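One structure is given here, and the rest of the page talks about it.
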Amino acid sequence: MSIRTVNTQPFNDQKPGTSGLRKAVTVFQQPHYLENFTQSIFNSLEDLQGKTLVLGGDGRYYNRQAIQTILKMAAANSVGRILVGLKGILSTPAASAIIRKNQAYGGIILSASHNPGGINGDFGIKYNISNGGPAPEKVTEAIFAHTKTITQYQILESADINLDHVGSFKLGTMDIEVIDSVIPYLELMESLFDFNLIRNLLSKGDFSICIDSLHAVTGPYAKAIFEGKLGAKTGTVINEVPLEDFGGGHPDPNLVYAKSLVDILFADNAPDFGAASDGDGDRNMILGRNFFVNPSDSLAVITANAHLVKGYKNGLTGVARSMPTSGAVDRVAEKLGINFFETPTGWKFFGNLLDADQATICGEESFGTSSNHIREKDGLWAVLFWLNIVAVRGESVEQIVKSHWQEYGRNFYSRHDYEEVATEGANELVNHIRSQFDTLKGKQFGNYTVNYVDDFSYTDPIDGSVTTNQGIRIIFTDKSRIIFRLSGTGTKGATLRVYLESYEPDVTKQDLDTQKALKELINIAEEIAQIKKFTNREIPTVIT
Ligand code: G1P
Ligand code: ZN
């Protein structure tokens, strides 16, 4: 087996976004495209020689081909050992857990998360560091810098490795271990949650659940945990077979793309509990019978009830949420007297806080929650957390959320996404809002008066790094907010996200429909940003 050095030229579009490099499969299939980015990762890791890496992906189209290429390149770049998921599959949370458990140097995760898959879908690659979390900006910047100057890459000439069985192989001087991550992931969950209690809840037959894996990566994990270990009846996990194109669906667990689960939970005789995960298993949507749990509320409820759960009963050091996530959890942190942090969008900003034990639980409005057990968000972790809370409290999901609102008040919250709009129009919209920064302050819109407007920036309290331009905030005097951001994960045109939030302490007014409660703010957002004009759209693509 010989190492081949291949001459190449830089691609000018390999800047990692909110979560790694995400592009259409056809972009990744261009000669040298994946290789350039992979070599740039290796080039940015100075002391890689002899180290252990973890490698796997969400099973989408191109996962297997990419893994074979990366294995051969790793061998040619003197990596010592690679732990690779069986059939090339590792959910993102499992990858994080495996990196930590094996004290690996880092990991390469192949996923485009909630973006559609298949030959006409998206693919993605991201690097995680030794804490198991997404590389912080200084690392992704270094990788990006290498992509701009790369002239050659190294690859071992060899046959493909068989990934269909657990086992050990040699590739050149590099050791390869094909591992099944379901068992270690299940064991980690068992160490955090009271499985006996949950088994009691699920196996008695009077509490039924439905878990939708959307033909994505969580199927095997969910089957083993809910049907295997926790005694839920066969068929509890639906769409459980991971498919390269997710069965043609959009593996994003929200009210639009997981509509078939929503229909099940809102039907007569619906199950008591429903949940869905995304392509790579780090997101979750929680539903009760005829009841949707807003992800921002889910984070608040999880935090407020953490003392009931085995792995967290000794208390939390703090909680962190991304800036656009609602302020519901802020009130819980205040009551508990624990640290509270507001970070930019993207899980990579939580890593330092978790490593420094300043925060125990983190969450984002985009259906992501997790804790210090790993350094990624974790969809099934959130599902188990909810089931554990339900099992202890003996109340329905709806009762638990409503009593939370009663105690803390309700943060009405919604996100409106305008997907795949023209990039030019989206940039003009942002500039249009920015041009009003000076005049908006103090301006009155009906019942709302603007307190201040800014571009969110964040100084990491642990390493002092500064991140700017993380979303435009329009904050009103009663703390209601409208936030505008452009997505950093989309691959076609631009996606505008408008986040809307108001607060209602009065219990008698908390049952209002969310969109009705936010109507005035929705109109103000249109007045300020001229969304219809700049996006050329009458309504959002997705409303959460
Ligand atoms: C989106 C979410 C963000 C999440 C990211 C990766 O990023 O909004 O919270 O961390 O996906 O799952 P965005 O497309 O908004 O940049
Ligand atoms: Zn994801």
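Remember, it's 1-based here, ligands and their atoms both numbered in the order they're listed. On a predicted model such as this, the values are computed, not experimentally measured, just so you know. Sequence positions, counted from 1, serve as the residue numbers for this chain.
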Among Glu364, Arg283, Glu365, Arg22, whose heavy atom sits nearest atom 11 (O) of ligand 1?
Arg283
Tell me every residue that passes side-chain hydrogen bond (donor to acceptor under 3.5 Å, both in side chains) with Asn352, counting only those two or more places apart in sequence or in another chain.
Asp460, Asp463
Would you mind listing which atoms of ligand 1 come within a distance below 4.0 Å of any non-hydrogen atom of [X]?
X      : value
Arg485 : 13 (P), 15 (O), 16 (O)
Arg415 : 8 (O)
Thr345 : 3 (C), 8 (O), 9 (O)
Arg497 : 8 (O), 13 (P), 14 (O), 15 (O)
Lys377 : 4 (C), 6 (C), 10 (O), 12 (O)

Is it true that the side chains of [X] and [Y] contain a donor and an acceptor less than 3.5 Å apart?
X      : Y      : answer
Asn284 : Thr369 : yes
Asn294 : Glu365 : no
Asp278 : Ser113 : yes
Gln515 : His416 : yes
Ser322 : Thr345 : no
Tyr312 : Ser371 : yes
Asp13  : Tyr33  : yes
His373 : Asp378 : yes
Arg410 : Thr514 : yes

Assign the ring pair Phe123 / Tyr62 to parallel, tilted or perpendicular, where the plane angle (0 to 90°) is split at 30° and 60°.
perpendicular
Looking at ligand 1, does any of its N/O atoms fall within less than 3.5 Å of an N/O of Gly488?
yes
Between Ser487 and ligand 1, does any nitrogen or oxygen pair lie at a separation below 3.5 Å?
yes
Using a 4.0 Å heavy-atom cut-off, say whether Met323 meets ligand 1 through its side chain, its backbone, both or neither.
neither
Once you restrict to heavy atoms under 4.0 Å, what part of Ser366 touches ligand 1? Side chain, backbone, both or neither.
side chain
Is ligand 1 less than 4.0 angstrom away from at least one heavy atom of Gly346?
yes
At what distance is the nearest protein heavy atom to atom 7 (O) of ligand 1, and which residue and atom is it?
Thr489 CG2, 3.5 Å
Protein N/O/S atoms under 2.8 Å from the Zn ion (ligand 2): how many?
4
OG1 on Thr218 to CZ on Phe226, rounded to 0.5 Å
9.0 Å
